[in-house]
Undergrad: 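Before we start, here is the structure in question, set down as structure tokens.
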2 protein chains.
Amino acid sequence: MASLGPRIDELIEAFRCLPGVGPKSAQRMAFHLLERQRDGGKRLSNALNDALTNVHHCQQCRILSELELCNRCSDANRRHDQLCIVEMPSDVLAIEQATHYKGQFFVLSGHLSPLDGIGPEALGIPQLITLFDKNTIQELILATNPTVEGEATAHYISQLAHSRNIHVTRLAHGIPLGGELEFVDSGTLSHAFSGRESI
Amino acid sequence: MASLGPRIDELIEAFRCLPGVGPKSAQRMAFHLLERQRDGGKRLSNALNDALTNVHHCQQCRILSELELCNRCSDANRRHDQLCIVEMPSDVLAIEQATHYKGQFFVLSGHLSPLDGIGPEALGIPQLITLFDKNTIQELILATNPTVEGEATAHYISQLAHSRNIHVTRLAHGIPLGGELEFVDSGTLSHAFSGRESI
């Protein structure tokens, strides 16, 4: 295998830890930064180092945060009687961009996956139970992904909430806007049909 | 626009200097490293910093190198009478992986593009002329890309070489292996037809 030296090889190899980046893309990224974007590369190296050192998880909602208690959890203007459970930090941003939701969030950082050794502890369920037991939550909104693992995780959490008499809701399933009936999968169509609404 | 804090925003913005990375991919990369791959992120930050500090260009062939004179230029076992001109460092690796070429390389780091202010100096043509004037080169192999700019650059360099009586060759154009005649563009087909070989 041809090479341009150990430091360049190491840089190409290091880029491969990024999601969706194979050997060709990694080489392209390394050469691009070294040939044309040295300032950008320096900035990336510093930003990465800075974020890895200073960004941790909020102690209450587990979202990525520079503070012990993130802006959302410490904001007195947000509603504290609604709690929305999501799998990833990017889901929080997606919901905030699409809706006017002003309640609290809780980030699982994944879903139940016993085969991968991901159980309730890894998802912060003990922290979640502590939140439940504060008795401030009126509505628990389950916004995990509509996958098998996401549904199983939602089911598990909903049982914990029901046993504490917390009202639980789930994001609606149905036909996406702009979709065509003919091309919607039968599971989605079945959900949309049985969940039809009066107009 | 929703945000998780200035340091995370800065990291997402810094990832956008990579080729082919838009806002969504940049956010995915940042969250992936912070949530799941902190070791990989640390390694990337260090590798990037290390490479930017220690990797420069070979003083003779302009390829990316940790040494003043790269391994290829200082290797006494390589032929010094053949010089292959390419646009990018990745072209050197591609040629080495595909062929048994053991001569010298020269990396332009681009092609002539007057509208972008890229003239002969930016491509290291003065260094190339110094190489020509050493009178060691028997064959100059032009391996720039078969684009308009690549062809113009090849033409410009071939004229410099001809005026010094250096034999100039160009990579063959024709139908790629595995291609179907029906789907080959007419320019390539015309080249392949007029350059037909006896068998």
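Proteins get letters first, then strands, A, B, ... in listed order; numbering begins at 1 in each.
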Undergrad: Side-chain heavy atoms under 4.5 angstrom apart, residues restricted to Ile, Leu, Val, Met, Phe, Trp, Tyr: same cluster for A:Leu69 and A:Val107?
TA: no
Undergrad: For the candidates B:Gln37, B:Glu13, B:Arg28, B:Glu96, which exhibits the highest count of non-hydrogen atom pairs separated by less than 4.5 Å from chain A?
TA: B:Arg28
Undergrad: How many angstroms lie between atom NZ of A:Lys42 and atom CG of B:Leu52, to the nearest 0.5 angstrom?
TA: 6.0 Å
Undergrad: How close do B:Arg38 and A:Val55 get, heavy atom to heavy atom, and via which atoms?
TA: NH2-O, 2.6 Å
Undergrad: With a 4.5 Å cut-off on side-chain heavy-atom distances among I, L, V, M, F, W and Y, is there a chain of contacts connecting B:Ile85 to B:Tyr101?
TA: no
Undergrad: Taking every heavy-atom pair that is under 4.5 Å apart, which of B:Ala14, B:Cys70, B:Cys17, B:Pro19 has the most such pairs with chain A?
TA: B:Pro19
Undergrad: Do B:Leu83 and B:Leu160 share a hydrophobic cluster, counting only Ile, Leu, Val, Met, Phe, Trp and Tyr and linking them when any side-chain heavy atoms are less than 4.5 Å apart?
TA: yes
Undergrad: For the CG atom on A:Asp39, are there more than 12 heavy atoms of other groups (residues, nucleotides or ligands in this structure) within a distance under 6.0 Å?
TA: no
Undergrad: Looking at B:His32, B:Met88, B:His57, which one has more heavy-atom pairs under 4.5 Å with chain A than the rest?
TA: B:His32
Undergrad: From A:Leu48 CG over to B:Phe15 CZ, what is the distance, rounded to the nearest 0.5 angstrom?
TA: 5.5 Å
Undergrad: Measure the OG-CG distance between A:Ser65 and B:Leu34 for me, rounded to the nearest 0.5 Å.
TA: 11.5 Å
Undergrad: In this structure, are over 12 heavy atoms from other groups packed under 6.0 Å from B:His155 atom NE2?
TA: no
Undergrad: Of the listed residues (A:Gly40, A:Ala30, A:Ser90), which shares the most heavy-atom pairs with chain B below a 4.5 Å separation?
TA: A:Ser90
Undergrad: Assigning hydrophobic clusters by single linkage (Ile, Leu, Val, Met, Phe, Trp, Tyr; side-chain heavy-atom cutoff under 4.5 Å), is B:Leu112 placed with B:Leu140?
TA: yes
Undergrad: Highest number of heavy-atom pairs under 4.5 Å with chain A: which of B:Leu67, B:Asp50, B:Val92?
TA: B:Asp50
Undergrad: For A:Ile63, is it the side chain, the backbone, both or neither that has a heavy atom under 4.5 Å from a heavy atom of chain B?
TA: side chain
Undergrad: Heavy-atom distances under 4.5 Å only: say whether A:Arg16 touches chain B with side chain, backbone, both or neither.
TA: neither
Undergrad: Heavy-atom distance under 4.5 Å to chain A: side chain of B:Leu44, backbone, both or neither?
TA: both
Undergrad: How close do B:Gly110 and A:Arg36 get, counting heavy atoms only, and between which atoms?
TA: CA-NH2, 4.5 Å
Undergrad: Ignoring hydrogens, what is the shortest heavy-atom contact between A:Ser45 and B:Asn49? Give both atom names and the distance.
TA: OG-CB, 3.5 Å
Undergrad: More than 12 foreign heavy atoms under 6.0 Å from NE2 of A:His162: is that the case here?
TA: yes
Undergrad: Is chain B contacted by the side chain of A:His56, its backbone, both, or neither, given a heavy-atom distance below 4.5 Å?
TA: both
Undergrad: Would B:Arg72 and A:Leu4 count as a side chain to side chain contact (heavy atoms under 4.5 Å, CB included) if you check the C-alpha gap in whole Å, the side-chain angles of each, and the deciding distance to 0.1 Å?
TA: CA-CA 9 Å; B:Arg72 288 171 187 77; A:Leu4 295 184; 3.7 Å; yes
Undergrad: Determine the option with the most heavy-atom pairs under 4.5 angstrom with chain B, choosing from A:Gly5, A:Gly41, A:Ala94.
TA: A:Gly41
Undergrad: Between B:Leu11 and A:Ala51, which heavy-atom pair has the shortest distance, and what is it?
TA: CD2-CB, 3.9 Å
Undergrad: Measure B:Asn71 against the heavy atoms of chain A and call it side chain, backbone, both or neither at under 4.5 Å.
TA: neither
Undergrad: Given the rule that I, L, V, M, F, W and Y join up when any side-chain heavy atoms are under 4.5 Å apart, are B:Val86 and B:Ile118 in one cluster?
TA: no
Undergrad: Of all heavy-atom pairs between B:Glu66 and A:Ile8, which one has the smallest distance, and what is that distance?
TA: OE2-N, 4.0 Å
Undergrad: Which heavy atom in A:Leu93 sits nearest to a heavy atom in B:Ser3, and how many Å separate them?
TA: CD2-N, 3.9 Å
Undergrad: Is B:Glu10 salt-bridged to A:Arg43, going by a charged N under 4.0 Å from an acidic O?
TA: yes
